[in-house]
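Just so we're on the same page: letters track the sequence lines, and every chain starts at 1.
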Number of protein chains: 2
Amino acid sequence: MSQTVDRALSILPLLAQGPADLGQVAERLGVHKSTALRLLRTLHEHGLVHRQQDQRYRLGARLFALAQEAVENLDVREIAHPYLLALNERTGHTVHLAVYEEGEVVYIDKVESRYPVRMYSRIGKPVAITVAAVAKLLLADLPEPERRAVAAKLDYPPYTPRSTPNAAAFLKELATVRAQGWATDLGGHEESINCVGAPVRGADGRVVAALSVSAPNVVVTAEELLTLLPEVRGTADAISREYSGKPATKDTA
Amino acid sequence: MSQTVDRALSILPLLAQGPADLGQVAERLGVHKSTALRLLRTLHEHGLVHRQQDQRYRLGARLFALAQEAVENLDVREIAHPYLLALNERTGHTVHLAVYEEGEVVYIDKVESRYPVRMYSRIGKPVAITVAAVAKLLLADLPEPERRAVAAKLDYPPYTPRSTPNAAAFLKELATVRAQGWATDLGGHEESINCVGAPVRGADGRVVAALSVSAPNVVVTAEELLTLLPEVRGTADAISREYSGKPATKDTA
DNA sequence: AATGAGCGTTGCACATCCCGCAACGCCCAC
DNA sequence: GTGGGCGTTGCGGGATGTGCAACGCTCATT
């Protein structure tokens with residue numbers, strides 16, 4: 001809509017492919033050299049482009065700094081919340097959002113079930129890391145050495161007969177979760193409670209959070225809960241898109 | 001230099017701090033709302049800003065994509081080469097550049113000594129990973145679990161009496177290197193050859209490459225070689241600045 | 001050593017394109 | 001139902017970006 005800005009911004013993807021000199025920029029923009037020069041100068045003043053020794057232009061440090069700062073100031077919780085509400089609205093069950101931090105997985109948001117059944121979870125509380133669906137999702141994305149290190153240091157409390165028994169079983173489960181892109185906890189923490197979860201990913205594809213839907217057997221069976229999987233994954237993907245700033249938000253999908 | 005572009009670009013750091021609506025952007029820019037709208041629209045078309053559900057503006061995915069693409073297309077070797085030449089010019093010794101890749105450290109560039117002494121290295125050849133200065137620098141920057149994993153899997157060949165004997169000693173050495181920001185190899189690979197090295201860092205502070213200066217005892221003693229440390233570190237820092245696109249290249253320092 | 005080509009840079013006059021204004025429509029809150 | 005706030009639109013005046021041509025520099029060539 002604004003010609004000048006439009007032209008200036010068109011330079012960025014051009015330079016992302018590799019360094020270019022003034023002539024090349026002007027030609028590929030379809031403008032006079034002097035015009036390209038002024039645009040490049042302005043971009044340069046803002047640190048978005050950098051001039052290297054041979055006078056060619058590259059993308060500058062400011063771009064990285066901006067991207068990083070933006071990521072740091074992004075609040076998953078704030079962005080995810082409306083989606084969690086919608087998911088709760090449609091399923092009626094308890095919805096959790098959790099993140100991984102220094103060896104722990106903690107709940108950072110929760111929308112209570114409409115059914116009058118209490119669940120033993122609290123925002124800020126560390127998750128039962130060896131069995132919870134959200135924990136599996138978050139740990140499954142860690143780089144392999146760290147994943148092994150964490151798995152080796154954990155205790156594996158036998159909450160129920162279905163709890164993860166040891167590190168080997170846990171790592172195997174994480175590999176499955178990593179491959180399929182979703183996770184469950186079928187009575188692994190409390191005998192009568194099942195969960196289905198999916199990961200929220202940032203712009204770089206790394207898992208930044210995980211959400212899950214939990215329901216007790218007395219309300220829905222595990223099979224019935226699993227039919228919500230598309231719903232859960234769809235919500236997680238929608239949050240991922242919104243979080244990473246991608247277009248095509250196309251409703252709640 | 002270009003008012004319109006200047007204003008448009010000023011929006012980016014503003015949004016990096018967090019989402020803002022049209023009115024806020026206009027106010028903090030000191031322009032009329034309609035002007036801010038047109039600028040934001042242009043930024044939006046290029047994907048640099050993203051409009052979230054509540055109509056507020058955030059930085060968009062394109063920014064992250066650009067930063068990532070730029071990093072991928074950056075060639076450390078190309079950028080570092082002139083600096084390596086200059087360092088060789090000033091010291092007269094052999095200069096190496098190496099990177100870490102999937103458990104190995106390999107030389108990716110080399111400028112031969114002016115003295116008629118051959119060294120057993122080749123571009124593309126894996127480095128003696130347990131003793132070389134560049135290897136220590138690169139491994140010292142790995143995340144702790146991966147560092148331990150790599151150290152545990154290595155062989156520790158006794159090239160000389162001064163070679164690193166085992167994983168424990170190696171990890172201790174890496175901790176020292178990590179803390180001091182430079183590394184040496186004093187006769188650890190070949191009895192009569194010493195090296196001093198320093199790390200090249202990317203925009204995020206991670207070590208992306210390492211360079212070293214090597215010289216045999218018959219030319220300079222280890223003590224004399226160590227006097228080149230400021231020179232070596234200065235060169236590495238200059239490459240880091242250039243590589244990460246930071247301003248103030250101020251000569252070769 | 002001289003010469004020319006290529007590139008970045010500058011000043012300028014034209015007219016294009018951006019700016020701010022004011023008015024409209026919409027949504028939400030009261 | 002009604003008012004205020006916010007995003008949006010069309011428009012004329014004029015500031016601002018544009019392309020041209022000329023300059024100076026560096027580097028490669030003869």
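Rounding to the nearest 0.5 angstrom, the gap separating the NE2 atom in B/His44 from the NE2 atom in B/His50 is 8.0 Å. Interatomic distance, A/Met1 CE to B/Glu45 CD, rounded to the nearest 0.5 Å: 6.5 Å. Interatomic distance, CG of B/Leu9 versus CG of B/Leu43, reported as 7.5 Å (0.5 Å rounding).
Side-chain nitrogen and oxygen atoms of A/Arg41 include at least one within less than 4.0 Å of the OP1 or OP2 phosphate oxygen of C/dT10. OP1 and OP2 of D/dG19 both lie 4.0 Å or more from every side-chain N or O belonging to A/Ser34. Distances shorter than 4.0 Å separate none of the side-chain N or O atoms of B/Arg38 from OP1 or OP2 on C/dC18.
Going from atom NZ of A/Lys33 over to atom C1' of D/dG19 covers 12 Å, rounded to whole Å. Straight-line distance from the CD atom of B/Gln55 to the P atom of D/dG5: 17 Å, rounded to whole Å. Rounded to an integer number of Å, the gap from CE of B/Met1 to P of C/dT9 is 11 Å. Rounded to whole angstrom, the span from the CZ atom of A/Arg51 across to the P atom of C/dG8 amounts to 7 Å.
Nearer the 5' end of DNA chain C, as judged by each residue's closest nucleotide, is the contact made by A/Leu22, out of A/Leu22 and B/Thr35. Of the two residues contacting DNA chain C, namely A/His32 and A/Gln3, the nearest-nucleotide position lying further toward the 5' end is that of A/His32.
Nucleic acid contact for B/Arg7: sugar-phosphate only, since backbone atoms but no base atoms lie under 4.0 Å from a heavy atom of the residue.
Applying the 3.5 Å distance criterion, the base of D/dG17 shares no donor-acceptor pair with the side chain of A/Thr4.
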(request) Take B/His93 and B/Thr91 through the test side-chain hydrogen bond (donor to acceptor under 3.5 Å, both in side chains) and record every step on the way to the result. (result) CA-CA 5 Å; B/His93 303 303; B/Thr91 63; 5.3 Å; no
